[in-house]
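See below for the structure under consideration.
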2 protein chains.
Amino acid sequence: MNIQDLKYFYRLVQDQNFTKVAGYFKVSQPTITLAVKRMEKEFQAKLVERNYAHNELRITDSGKQLYHHIEPILNEWRLAHQEIDAMNQQKIRFGMSPTISSHFFPSVTNQLLKSGLLNHLYTYEAGSREVLRSILEGRIDIGLIGSVAPQIHDQLVTESLKVMHFKIVVSPSSPLANRKSVSFQEASAFPFVVLNNHFANPVAFEQIAHHAGVTPNIIYRSSNIDTLKRIVSRGMAISYIADLSILPGDPIISIPLTDQGQPLLTVMLVYRKTLELSERIRQFMEIVREYKQTD
Amino acid sequence: MNIQDLKYFYRLVQDQNFTKVAGYFKVSQPTITLAVKRMEKEFQAKLVERNYAHNELRITDSGKQLYHHIEPILNEWRLAHQEIDAMNQQKIRFGMSPTISSHFFPSVTNQLLKSGLLNHLYTYEAGSREVLRSILEGRIDIGLIGSVAPQIHDQLVTESLKVMHFKIVVSPSSPLANRKSVSFQEASAFPFVVLNNHFANPVAFEQIAHHAGVTPNIIYRSSNIDTLKRIVSRGMAISYIADLSILPGDPIISIPLTDQGQPLLTVMLVYRKTLELSERIRQFMEIVREYKQTD
DNA sequence: TCCCTGCTATAAATATTTTTTATGACCCTT
DNA sequence: AAGGGTCATAAAAAATATTTATAGCAGGGA
């Protein structure tokens, strides 16, 4: 029984046509017939019912059942390839959200340079939720993400590094600009710009809005934190973003919230449980963990 | 690339000895050597380092990484075999805890007989947590279990059917015997017998004890509900069991608890997401769901 | 009806892959 | 230095997968 046979069968279930599958894999048609026969012999069950009338193909219950298992098998196989390829190229595939990136890198670049790890880093930037998905799908190995709830996932290891607060940010010319603090309810009188669903941001936003019993007016969901800040700095809207997204030079004012029990942003190191912690990766993780000590 | 090669490699990582692995699979030693070579070619990476000195074998990082993925692959493969075998024998492998069993079967046997499904049922009885594990490991297909928290699991589908209360049960000669209700704190003055960790029971027990701020004296953790009842009926201890475990003829007295926010037992239908819902299985599930209507 | 088309199955030949047999090389132990 | 335990290699054999060529089946159109 060959991995290739699984691929043939997988495709057959989708295409419902032997000839087409053969074409897809650039093999002759009997190859597919015989592959299916091999599997039917292996499982002692009819997997495909050929219906000459109406030119139709029916996958039997056993066939469907098998199909359900082939999917994760081929997935693991692909994952193994991706991971070992990355290892061969001596790359650590590291993902983080842009906001974390601009906060994180300055504080550890020295360390990374000194240890020679910087050359081995392939970085990927996307929203936290997007990064999480990339880890699960094996496109990257390690992520540094912000999350409102401490992530619990069957297939992942997570380490909380930092807990940050969300703040209201406004333009210097905003009526709120010289307030020492503000409640979310007060702030909700103004129009909002928030990050889109690839980020953890709107999750926290929904939570605090729900908690405060208000439904703020969201005028735009941005895919980019800089765009968001620009909109805020021009006074077109206010926003609700994590502490660590606010950099020293930004032409915006940040105001702490007074709400009790407001959502917090946990910065977490995340990787697949199945990631083999090579010396290089362990070294890198140590440096990432030192980020914990910084502020 | 053969599934067999994965098995060879998997075993090699565990045994750290080519000759031993060959012996295990009853093949010649070069077979293993060549299988490893094939995989090293497939992944373009050294997987095993042969150390002639000290007769030692080292699995490289790539090898270990691969190993992490082979495990779930072989697992899925085994699962597929088990499931299709059960299908071939036209069996529905159905697991439930003994307590649920004695409550459930009387109420649906008629239906099962009429539909002819009874012959197709292979039943397995074990504690709820044990049944859950059996489903995950593919030993059974469908479970009817009691759980304190609604189970959420990545790989499972769960349907809540009933919510039951836990009660204090005592011997007819107990000082508590003619009470209309009792608080857990009061009850905790008496020694307890509970079910062991294969059951949901002790989870609820810990919860209510914690909630009531007491640490009851547990004199025995039974693996069997009848043993437990026998101990209770003889007045040697009291217990805390689900409503549905108490059958009409039992020589024990059950007393409702007065505690606020006490844990509840949810009776749930559970199966793997990957279970192919054949006509027979759908029919069976319909009957199980009717159990919901009974009391 | 007959022929053509689009589909899958079968058989024999071929190609490829896997396993065995037989042997060699390495290194540790005694 | 001999012997035992380890894995590697090469050639031969066995098993498996693929192709080529052909057949069979059903439906649609002339």
Side-chain angles (χ1 to χ4, degrees), chain A residues 1-60 62-64 66-67 70 73-74 77 81, chain B residues 1-60 62-64 66-67 70 73-74 77 81:
Chain A
M1 185 59 29
N2 208 305
I3 301 265
Q4 193 59 34
D5 283 356
L6 305 191
K7 294 186 184 168
Y8 291 157
F9 184 76
Y10 187 74
R11 194 78 202 177
L12 180 64
V13 173
Q14 299 183 326
D15 288 352
Q16 305 269 328
N17 179 313
F18 282 65
T19 314
K20 207 167 157 192
V21 173
Y24 178 82
F25 287 104
K26 298 186 174 45
V27 294
S28 68
Q29 168 265 311
T31 300
I32 310 303
T33 300
L34 293 171
V36 171
K37 283 208 158 174
R38 281 194 289 276
M39 303 197 84
E40 291 187 326
K41 192 179 162 199
E42 162 104 21
F43 286 96
Q44 309 253 49
K46 186 161 240 181
L47 299 175
V48 178
E49 235 162 41
R50 291 78 163 176
N51 195 347
Y52 293 108
H54 311 297
N55 261 345
E56 257 178 26
L57 220 94
R58 214 183 62 77
I59 310 296
T60 66
S62 298
K64 284 182 191 159
L66 179 56
Y67 179 74
I70 288 184
I73 288 179
L74 293 180
W77 191 244
H81 265 284
Chain B
M1 185 58 30
N2 207 305
I3 301 265
Q4 193 59 33
D5 283 355
L6 305 191
K7 294 187 184 167
Y8 291 157
F9 185 76
Y10 187 75
R11 193 78 202 179
L12 179 64
V13 174
Q14 299 184 328
D15 288 353
Q16 305 269 327
N17 179 313
F18 282 65
T19 314
K20 208 168 156 191
V21 173
Y24 178 82
F25 287 103
K26 298 187 174 46
V27 294
S28 69
Q29 168 265 312
T31 299
I32 310 303
T33 300
L34 293 171
V36 171
K37 284 210 157 174
R38 280 194 291 276
M39 303 198 85
E40 290 187 326
K41 192 178 161 200
E42 163 105 21
F43 286 96
Q44 309 253 47
K46 185 161 239 180
L47 299 175
V48 178
E49 237 162 41
R50 292 77 161 176
N51 196 345
Y52 292 108
H54 312 297
N55 261 345
E56 254 178 26
L57 220 96
R58 213 183 63 76
I59 310 296
T60 66
S62 297
K64 285 181 191 160
L66 179 56
Y67 178 74
I70 288 184
I73 288 179
L74 293 180
W77 190 243
H81 266 284

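Proteins get letters first, then strands, A, B, ... in listed order; numbering begins at 1 in each. These numbers were taken from a predicted model, which means no experiment stands behind them.
- Remark: N2(A) engages Q4(A), D5(A) in a side chain to side chain contact (heavy atoms under 4.5 Å, CB included) (not counting sequence neighbours).
- Residues passing the side-chain hydrogen bond (donor to acceptor under 3.5 Å, both in side chains) test with E42(A) are H81(B), sequence neighbours excluded.
- E49(B) meets the side-chain hydrogen bond (donor to acceptor under 3.5 Å, both in side chains) test with R58(B); sequence neighbours excluded.
- Within 4.0 Å of F25(B), counting heavy atoms only, lies no atom of the nucleic acid at all.
- Phosphate contact (OP1/OP2 of dT19(C), side-chain N/O of T31(B), threshold under 4.0 Å): absent.
- Shown here are the side-chain hydrogen bond (donor to acceptor under 3.5 Å, both in side chains) partners of N17(B), two or more places apart in sequence or in another chain: there are none.
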Please report, to 0.1 Å, the donor-acceptor pairs under 3.5 Å made by any side chain of residues 19-29 of chain B, with sequence neighbours excluded.
unit_1: S28(B); atom_1: OG; unit_2: T31(B); atom_2: OG1; d: 3.1
unit_1: Q29(B); atom_1: NE2; unit_2: T33(B); atom_2: OG1; d: 3.0

Close N or O pairs between protein and nucleotides 9-11 of chain D (under 3.5 Å):
unit_1: dT9(D); atom_1: OP2; unit_2: K37(B); atom_2: NZ; d: 2.3

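- Per the geometry, CD belonging to E56(A) stands 15 Å off C1' belonging to dT8(C), to the nearest Å.
- Summarising the geometry, the separation between CD1 on I32(A) and P on dT16(D) is reported as 19 Å, rounded to the nearest angstrom.
- Between T19(A) and K26(B), the residue whose closest nucleotide on DNA chain C is further toward the 5' end is T19(A).
- A donor-acceptor pair is defined here as one N or O able to donate and one able to accept, closer than 3.5 Å; no such pair exists between the side chain of S62(A) and the backbone of A45(A).
- Residue N17(B) has a polar side-chain atom (N or O) positioned under 4.0 Å from OP1 or OP2 of dC7(D).
- The side chain to side chain contact (heavy atoms under 4.5 Å, CB included) check on L34(B) picks up R38(B), with sequence neighbours excluded.
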Start with the C-alpha distance between L12(A) and L47(A), add both sets of side-chain angles, then the distance that settles side-chain contact (heavy atoms from CB on, under 4.5 Å), and finish with yes or no. CA-CA 11 Å; L12(A) 180 64; L47(A) 299 175; over 6 Å; no

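- F18(A) has its CZ atom 14 Å from the P atom of dT18(D), to the nearest Å.
- Listed pair N2(A) / dT17(C) fails the phosphate criterion, with no side-chain N or O lying under 4.0 Å from OP1 or OP2.
- The stretch residues 38-47 of chain B does not touch DNA chain D, since none of its heavy atoms comes less than 4.0 Å from the strand.
- Rounded to an integer number of Å, the gap from D5(A) CG to dA15(D) P is 19 Å.
- The side chain to side chain contact (heavy atoms under 4.5 Å, CB included) search around V13(A) returns F9(A), I59(A), Y67(A), not counting sequence neighbours.
- Across the protein-nucleic acid pair, Y8(A) atom OH and dT8(C) atom P stand 15 Å apart, rounded to whole Å.
- In this entry the distance linking CG of L57(B) with C1' of dC7(D) reads 9 Å, nearest Å.
- R50(A) has no side-chain polar atom (N or O) that falls below the 4.0 Å cut-off from OP1 or OP2 of dC7(C).
- One can place CD of E49(A) at 14 Å from P of dT8(C), the figure rounded to the nearest angstrom.
- Look at CG on D15(B): it is 12 Å from P on dT6(D), rounded to the nearest Å.
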